Amino acid sequence: QTPRQDFSFEPAPGFEMRRHTQGLNVPYFVPSTFSNSYPEKSSELRQFDNHVDIYHIRSLHSECDWEEKKRTRDILQAKRRGNKQALEQIRKTPLASCEK
């Protein structure tokens, strides 16, 4: 995942310090200088964490939407081929992003 300018959900060069949001406890990574701009217990930090929570939720919605569309395509393909075993397997496979 490409890091955003101000944080990343994965460790990356320049984003090595791990944090968790105060609201949803979402893990994210920031630069080592992060606390200079966002001191602990500050309103700026609360706003930043809220920004990360919202970005996380939007990402999950987008990923869930993609998984649902892919499942629909796979189901249609299995139906066209008459492959009942594949169809049943597709229906049983959980949609990871939709379950978070």
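Source: prediction; values computed, not measured.
Summarising the geometry, atom NE2 belonging to His56 is positioned 10.5 Å from atom CZ belonging to Phe7; distances are rounded to the nearest 0.5 Å. Atom-to-atom distance recorded for Asp6:CG and Phe48:CZ is 4.5 Å, nearest 0.5 angstrom. For the atom pair CD (Glu10) and CZ (Phe29), the distance works out to 7.0 Å, reported to the nearest 0.5 Å. Between Tyr55 atom OH and Arg58 atom CZ the span is 10.0 Å, to the nearest 0.5 Å. Atom CG of Asp65 is separated from atom CG of Leu60 by 12.5 Å, given to the nearest 0.5 angstrom.
The shortest heavy-atom contact between Pro94 and Glu99 is CB-OE2, 3.1 Å. Closest non-hydrogen pair, Phe15 versus Ser8, comes out as CD2-N, 4.0 Å.
The salt bridge (Lys or Arg N to Asp or Glu O under 4.0 Å) pairs that include a residue from residues 20-33 number zero, where partners must be two or more places apart or lie in different chains. Within the structure, the side chain to side chain donor-acceptor pair (under 3.5 Å) test picks out the following pairs touching residues 13-39 (sequence neighbours left out): Arg19-Tyr28, Arg19-Glu40, Thr21-Asp53, Gln22-Asp49, Tyr28-Asp49. Pairs of residues two or more places apart, or lying in two chains, that qualify as side chain to side chain donor-acceptor pair (under 3.5 Å) and include a residue from residues 73-84 are Lys70-Asp74. Counting only residues at least two apart or in different chains, disulfide bond (SG atoms under 2.5 Å apart) contacts with residues 7-42 are absent.
Gln47 has its side chain out of reach of His51: every pair of non-hydrogen atoms, C-beta onward, lies at least 4.5 Å apart.
Through chains of ILVMFWY side-chain contacts below 4.5 Å, Ile75 is grouped with Leu87, Ile90.
Checked against side chain to side chain contact (heavy atoms under 4.5 Å, CB included), Cys64 has the following partners two or more places apart in sequence or in another chain: Glu68, Ser97, Cys98. Contacts of Asn50 classified as side chain to side chain donor-acceptor pair (under 3.5 Å), with partners at least two apart in sequence or in another chain: none. With sequence neighbours left out, the side chain to side chain contact (heavy atoms under 4.5 Å, CB included) criterion links Ser42 to Pro39, Glu44, Leu45. For Gln89, the side chain to side chain contact (heavy atoms under 4.5 Å, CB included) partners at least two apart in sequence or on another chain are Thr93. Not a single salt bridge (Lys or Arg N to Asp or Glu O under 4.0 Å) links Lys41 to another residue, sequence neighbours left out.
Hydrophobic clustering, with ILVMFWY side chains joined whenever heavy atoms are under 4.5 angstrom apart, groups Leu24 together with Phe9. Residues Val26 and Ile57 fall within the same hydrophobic cluster, defined by Ile, Leu, Val, Met, Phe, Trp and Tyr side chains chained together at heavy-atom separations under 4.5 Å.
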